[in-house]
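Data block below; observations after.
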Number of protein chains: 2
Amino acid sequence: MKDITPKLINLFKQGYCAPQISRISKKIKEPSTTIHYNIKKLEKEGKIKSYKAVFDYKKIGEGHCTYILVNLLPSRYGSPEEAARDIAKDSRVESIDICTGDYELLVKLRTKDIDEYYEYIKTSVKKFGFAKTVSMTSLKQLKTEFVETED
Amino acid sequence: MKDITPKLINLFKQGYCAPQISRISKKIKEPSTTIHYNIKKLEKEGKIKSYKAVFDYKKIGEGHCTYILVNLLPSRYGSPEEAARDIAKDSRVESIDICTGDYELLVKLRTKDIDEYYEYIKTSVKKFGFAKTVSMTSLKQLKTEFVETED
DNA sequence: ATAAATAACTGAATAATATTCGATAAACAA
DNA sequence: TTGTTTATCGAATATTATTCAGTTATTTAT
């Protein structure tokens, strides 16, 4: 057996999906060629960046999700943006924002479990120069799990 | 001219996309029927929930993004989950998590501009019984749930 | 360890879908 | 107005997904 599942998940995180023109055509009752024309236009304008899969993260072994508010040591990087670019390289970092307020960065981290999360914090404090962090672990994600099923 | 664009964006937020089996087949050099079989399996297991488009939110007029940490009035709802379900109904709420820490909810809000954001806060404090909120407006998104941002 | 049952893989055929093309119509600019 | 660009859309073509059936691999039961 060749376990291609991890490869598929990885590709779907990058994209490798496409719009369903004929289904959209039926839904909004316009010719499929018109739908096609309009979608290509959205893509050319850069309004649509890609198409990707939505996962049930628990089921793919990435169930632990934590939002980390970060204060950076002023000494380590020239700017929060520079730090953020470095932090973003880790594939477990799902998103990273530079924000207003008491904390410069908001890092959304997905790990297998709390142990992997703890290990991440420990190494990152050193590696990136986190001066102070506040962690908010997600107990339940309501909106990302929402998928409409009516046709 | 029939402006289909808003309809398309709305549908793409729900799904209306599909995996590109033949492209994946070429990429990882496995027969397309094998790819097909494995993807269907992932779908049946619920590991993949749907396929969606990824937008450039600035370009589609949803450029203002704020993370709102929320304390709820204990009186209004029976549980934070109940409140979250109500809050999630607003299409401008991109995600909502029930979290550990000082604030029960983390709401990710996408609006056109700061004025719409302010209007949202004003009405939500009353409507959902927000006792206390802390707002972190995203100045720059280095990485989103979906794709890395290059600009 | 062996047999039976189940799950996974795959090529060939078919069904469904996207894309191209050319013609028309609508919107826009000078 | 007139010319120019943008948008719509049906018919033909190209590409892609899906089904099916045979095979192999893996797991389960005896």
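Chain naming here is simple, since letters A, B, ... match the order of the sequence lines and numbering starts at 1 in each.
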Counting just side-chain N and O atoms, does [X] come under 4.0 Å of either OP1 or OP2 of [N]?
X: K41(B); N: dA8(C); value: yes
X: N38(A); N: dT8(D); value: yes
X: Y37(B); N: dC9(C); value: no
X: K29(A); N: dC9(D); value: no
X: K44(A); N: dT6(D); value: no

Exercise. Can you tell which of dA7(D), dT18(D), dT10(C) lies closest to the side chain of H36(B)?
Worked result: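 Comparing dA7(D), dT18(D), dT10(C) against the side chain of H36(B), the answer is dT18(D).
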Exercise. Counting side-chain heavy atoms from CB outward, which of dA18(C), dA17(D), dT10(C) is closest to I21(B)?
Worked result: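 The nucleotide sitting nearest to the side chain is dA17(D).
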Exercise. Does the gap between the ring centers of Y51(B) and F12(A) come in under 6.0 Å?
Worked result: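 Ring centroids of Y51(B) and F12(A) are less than 6.0 Å from each other.
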For this session: Before giving the answer on salt bridge (Lys or Arg N to Asp or Glu O under 4.0 Å), spell out for K13(A) and E94(A) the whole-Å C-alpha distance, their side-chain angles and the decisive distance to 0.1 Å.
Result: CA-CA 10 Å; K13(A) 283 180 178 173; E94(A) 186 173 299; over 6 Å; no
Without decimals, in angstroms, what is the distance between [X] [atom1] and [N] [atom2]?
X: I39(B); N: dC9(C); atom1: CD1; atom2: P; value: 12 Å
X: Q20(A); N: dA18(C); atom1: CD; atom2: P; value: 7 Å
X: R23(B); N: dA17(D); atom1: CZ; atom2: C1'; value: 16 Å

Problem set entry | Relative orientation of the end axes in the helix from dA1(C)-dT30(D) to dA30(C)-dT1(D), expressed as an angle to the nearest 10° (five pairs per end) |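 Taking five pairs per end, the axes differ by 50°.
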Problem set entry | Sidechain-backbone polar pair: D90(B) side chain, R92(B) backbone, donor-acceptor under 3.5 Å |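 Checking the backbone N and O of R92(B) against the side chain of D90(B), a donor-acceptor pair under 3.5 Å is found.
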Exercise. So, does N38(B) use its side chain to make a donor-acceptor pair with the main chain of T34(B) at under 3.5 Å?
Worked result: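 The answer is yes, because a donor-acceptor pair under 3.5 Å joins these two groups.
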Problem set entry | Residue mapping more 5' on DNA chain C - nearest nucleotide basis, K26(A) or I35(B) |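 Between the two, 5'-proximity favours I35(B).
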Exercise. When you match T33(A) and T33(B) each to their closest nucleotide on DNA chain C, which lands nearer the 5' end?
Worked result: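 Upstream on the strand: T33(B).
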Exercise. Cation over ring, R76(B) on F128(B), under 6.0 Å and within 45°?
Worked result: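 Pair R76(B)/F128(B) does not count as cation-pi.
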For this session: Would you mind classifying the nucleic acid contact of S22(A) as base, sugar-phosphate or nothing, using non-hydrogen atoms under 4.0 angstrom?
Result: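 Contact class for S22(A): sugar-phosphate only.
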Exercise. Can you tell me if S135(B) and Y117(B) form a side-chain donor-acceptor pair at under 3.5 Å?
Worked result: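 Short answer, yes.
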Exercise. What about L73(B) and Y103(B), same hydrophobic cluster or not, with Ile/Leu/Val/Met/Phe/Trp/Tyr joined at side-chain heavy-atom distances under 4.5 Å?
Worked result: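 Hydrophobic grouping puts L73(B) apart from Y103(B).
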